[in-house]
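Inspection log for the structure reproduced underneath, given as structure tokens.
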Amino acid sequence: MVLFAWLSTRQGNTVVYFPNRIVKGLDPWEGSSKTRNPIAWIREAVSSTEQDVINMSGVDTAVYFVFLSTVLGILFLSGIVLLPVLLPIAATDDGVKKNVHSTTSNGSFSELDKLSMANIQEKSPRLWAFLIATYWVSVVTYFLTWKAYKHVSALRATALRSDEVKPEQFAVLVRDFPDVTPGQTRKQQVDTYFKSIYPETFYRSMVVTDNKEVDKIWGELEGFRKKLVRAETIYEESKIKGQGTRPTHKTGFLGLSGKKVDSIEYYNDQIKELTQKLEAEQKLTLREKQQGSALVFFTSRVTAASAAQSLHAQMLDNWTVTEAPETRQLIWSNLTIKFYERTIRQYAVYVVVFLTVVFYMIPITFVSAFTTLENLRKLLPFLKPVVEIDALKTVLEAYLPQLALIIFLALLPKLLLFLSKTEGIPSGSHVIRAAAGKYFYFVVFNVFLGVTIGGTLFTAIKTIEKKPNSILEILAKSLPGNATFFITFVALQFFVGYGLELSRIVPLIIYHVKRKYLCKTEADLKEAWFPGDISYATRVPADMLIVTIVLCYSVIAPVIIPFGVLYFALGWLVLRNQALKVYVPAYESYGRMWPHIHARILSALLLYQVTMLGYFGVTKFYYTPILIPLPIATFVFIFICRKKFYGTFCHTTLDVASQELKETPHMEQIFKSYIPPSLFSEKLEDEQFEDALSQVSRSESFV
């Protein structure tokens with residue numbers, strides 16, 4: 001925080017610490033002095049309203065803060081009851097002395113045992129307090145998640161009702177066309193079909209094309225345009241210095257070999273050649289590469305919302321109509337994938353993800369087992385003198401396994417994003433939601449269960465061989481032994497993770513290196529400092545892992561609750577600052593992530609309830625069956641929430657869509673916003689598109 005307060009006031013660092021405000025054309029400092037109070041950002045973050053977050057970063061970011069505050073509320077309300085009640089009950093018993101194998105920690109942290117259920121004797125009446133506490137945490141979770149769901153639902157409705165014209169509200173995505181009638185084009189097929197169903201409000205259609213080749217040419221053209229601007233900038237700088245030397249380069253591999261040419265002339269020639277090639281490919285694409293999907297536009301939001309929720313054909317695999325994603329979210333290559341291919345891809349990806357979850361568990365479990373100090377001494381005897389140093393021993397004991405685990409987790413997100421995209425999902429935000437779901441199940445199975453079992457792996461394998469039915473018992477007994485690991489894991493996440501997040505040391509270093517050695521143009525500079533979005537695909541599952549850990553240990557070792565509260569409180573504060581000043585949203589889905597977040601919170605709660613049921617069974621408490629209604633209640637709660645709220649997140653309700661707009665929507669502008677950059681031209685009515693337009697009238701779409 002001190003580093004951030006100092007670095008953010010330096011003149012050259014403004015673009016690293018205030019990019020969101022700069023992109024929106026606002027003053028980074030809001031008129032205040034650059035030598036202001038170093039903790040002023042805390043006051044600004046705390047005093048900011050939900051509407052401020054929506055204005056700066058959109059509804060999705062506001063919904064993420066609803067998640068953070070909801071979890072913070074669950075842990076806080078749980079803690080104010082569990083800590084003063086359970087800690088004295090546990091501390092005044094002596095179960096640890098009577099059962100040396102029951103421990104919530106290892107090594108120098110063994111004093112924590114006295115503050116946990118491990119210090120409660122078997123069959124003790126004191127266990128009643130822990131049983132009632134299990135119910136308290138569940139009830140608090142039900143209450144706050146229900147309240148949050150209602151709030152997010154209202155936020156979404158308010159945003160969709162707004163007077164601002166949103167192009168996606170006037171369009172639908174249509175896939176799975178039937179075969180074309182002989183003598184009819186795809187364009188004519190779509191127009192005829194939708195005009196007959198919606199004669200009053202149908203506007204026009206845009207048939208999706210195979211853009212692979214035209215995208216490639218357009219990408220090369222844009223690359224040469226950037227290089228030309230760069231070369232001209234270098235030349236202008238040279239003239240200012242009095243040299244006037246024109247830049248040159250070699251045309252071979254990486255500019256290291258080949259003919260030496262004048263860069264400006266070469267890039268101009270390449271641009272001229274590629275422009276002609278692009279125009280020819282655009283005509284060919286529009287005329288001959290039409291695919292079996294389209295975007296259909298209506299003059300009414302109500303019609304578009306109604307069409308997206310309706311069956312348009314007797315057969316499910318014909319004329320599939322869904323809401324159109326935002327223009328910046330569309331994954332064009334996925335729009336043309338057929339119904340049955342999408343289904344096959346989806347199940348194939350599920351199988352791959354399942355195998356990834358299972359086989360990733362093997363290295364993580366062994367790393368967890370091998371990186372305990374005791375095992376390191378056995379396997380690497382030469383390290384013994386080093387690890388015996390008291391100060392180093394404490395640090396290694398606390399953080400070595402966690403660092404190994406964090407490195408493993410860093411390798412996974414890109415694979416899951418790729419797999420989610422492979423399913424054939426048409427929008428970027430949906431891909432992120434799908435990847436976040438896969439990542440959540442991965443971290444729960446591999447980190448939570450893997451580390452829990454892995455801590456006692458070598459002894460557990462022998463027990464399972466002799467008694468295969470003892471897996472659940474081993475899991476329940478393993479939980480207390482890893483409490484210290486997870487307490488330090490949570491501490492490491494918020495001390496190091498949020499410290500790096502706020503100070504932005506890595507982006508700052510990268511920006512200044514690029515600025516000094518690589519950036520020549522304004523576009524280069526913007527690319528160097530542009531922060532991207534808040535990365536929900538990895539951030540939400542990482543937070544969910546902390547939720548799962550803290551919930552599952554909240555009653556067994558209540559001392560973990562303050563660490564969970566610190567994690568989410570500090571996360572709320574730091575990310576509030578980042579949302580208002582740093583991250584630029586890449587899309588807006590109006591809170592579509594929330595039902596998935598809600599389901600994961602309740603999944604964590606369910607795992608907690610089953611865990612407690614197993615743990616109370618291990619303690620041989622006679623009244624353990626009293627906990628059986630809890631998992632059943634959670635399933636009922638999930639069912640009720642899904643039935644009551646989920647539909648409004650899948651579709652835009654008609655009462656929301658019927659809200660009148662202050663200004664009449666400019667339909668041609670809405671239509672043009674969906675034209676892919678590689679097919680867009682300022683000369684839409686020029687003779688270059690004559691062949692593409694000849695299939696339909698001039699008043700209709702050129703695509």
Side-chain angles (χ1 to χ4, degrees), residues 1-30 32-36 38 41 219-258 260-268 270-271 410 414 496-535 574 577-584 586:
M1 287 183 179
V2 172
L3 200 60
F4 163 75
W6 178 65
L7 290 173
S8 62
T9 58
R10 304 280 78 84
Q11 181 66 38
N13 298 341
T14 308
V15 291
V16 176
Y17 293 101
F18 303 94
N20 192 14
R21 298 189 59 80
I22 291 169
V23 166
K24 287 182 169 57
L26 301 172
D27 176 16
W29 294 96
E30 300 176 9
S32 57
S33 169
K34 289 175 185 167
T35 56
R36 62 182 185 167
W41 68 273
E220 290 176 5
L221 181 59
E222 288 298 300
F224 279 118
R225 282 173 177 161
K226 285 182 181 178
K227 288 176 181 177
L228 176 62
V229 173
R230 184 182 175 88
E232 287 174 341
T233 305
I234 292 170
Y235 181 47
E236 289 300 319
E237 288 177 356
S238 177
K239 285 200 290 186
I240 291 169
K241 292 176 182 176
Q243 298 170 350
T245 307
R246 290 176 70 86
T248 59
H249 73 279
K250 292 181 179 180
T251 58
F253 178 71
L254 294 176
L256 300 174
S257 61
K260 194 172 186 179
V261 293
D262 182 292
S263 296
I264 295 175
E265 288 180 5
Y266 178 78
Y267 295 144
N268 274 316
Q270 290 295 315
I271 289 168
K414 288 190 182 298
V496 179
Y498 285 130
L500 288 172
E501 174 67 59
L502 181 66
S503 63
R504 288 181 61 76
I505 290 294
V506 176
L508 182 71
I509 293 169
I510 291 171
Y511 165 68
H512 281 295
V513 169
K514 285 185 175 179
R515 182 186 179 190
K516 186 171 179 64
Y517 299 107
L518 300 174
C519 297
K520 296 295 181 183
T521 66
E522 286 298 320
D524 290 341
L525 276 174
K526 185 174 181 180
E527 195 176 320
W529 59 254
F530 195 77
D533 64 8
I534 211 162
S535 303
V574 169
N577 178 78
Q578 307 302 75
L580 293 169
K581 297 170 185 174
V582 179
Y583 292 119
V584 180

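The backbone N or O of I234 lies less than 3.5 Å from no partner atom in the side chain of S238, so there is not a single donor-acceptor pair. A donor-acceptor contact shorter than 3.5 Å is absent between the side chain of N20 and the backbone of V584.
Within the model, atoms CG of D27 and CD1 of I22 stand 9.5 Å from one another, a figure rounded to the nearest 0.5 Å. Note that NZ of K227 and CD of Q270 are 9.0 Å apart. Values are rounded to the nearest 0.5 Å. To the nearest 0.5 angstrom, N577 atom CG is 10.5 Å from Y583 atom OH.
The two residues P247 and A231 make their nearest non-hydrogen contact at CG-O, 3.5 Å. Considering all non-hydrogen atoms of both residues, L580 and R21 come closest at O-CG, 3.7 Å. Closest approach of F18 to S8, counting heavy atoms only: CE1-O, 3.8 Å.
Considering only heavy atoms from C-beta on, Q578 comes within 4.5 Å of R504 through its side chain. Considering only heavy atoms from C-beta on, F530 comes within 4.5 Å of V23 through its side chain. Using a 4.5 Å cut-off on side-chain heavy atoms (C-beta onward), L228 and N268 make contact.
Surrounding NZ of K516 are at most 12 heavy atoms belonging to other residues, nucleotides or ligands under 6.0 Å away. Residue E527 places its CD atom among 12 or fewer non-hydrogen atoms of other residues, nucleotides or ligands, all under 6.0 Å distant.
Checked against ring pair (Phe, Tyr, Trp, His ring centres under 6.0 Å), F4 has the following partners two or more places apart in sequence or in another chain: Y17, W41. For V261, the side chain to side chain contact (heavy atoms under 4.5 Å, CB included) partners two or more places apart in sequence, or in a different chain, are H249, T251, K259, Y266.
Each of V574, V582, L3 was checked for a side chain to side chain contact (heavy atoms under 4.5 Å, CB included) with L502, and the lone residue meeting it is V574.
At least one test fails for K514 against the ring of Y511: distance under 6.0 Å to the centre or angle within 45° of the axis.
For residues 228-238, every residue pair satisfying the salt bridge (charged side-chain N to carboxylate O under 4.0 Å, His left out) rule, not counting sequence neighbours, is listed here: R230-D524, E236-K239.
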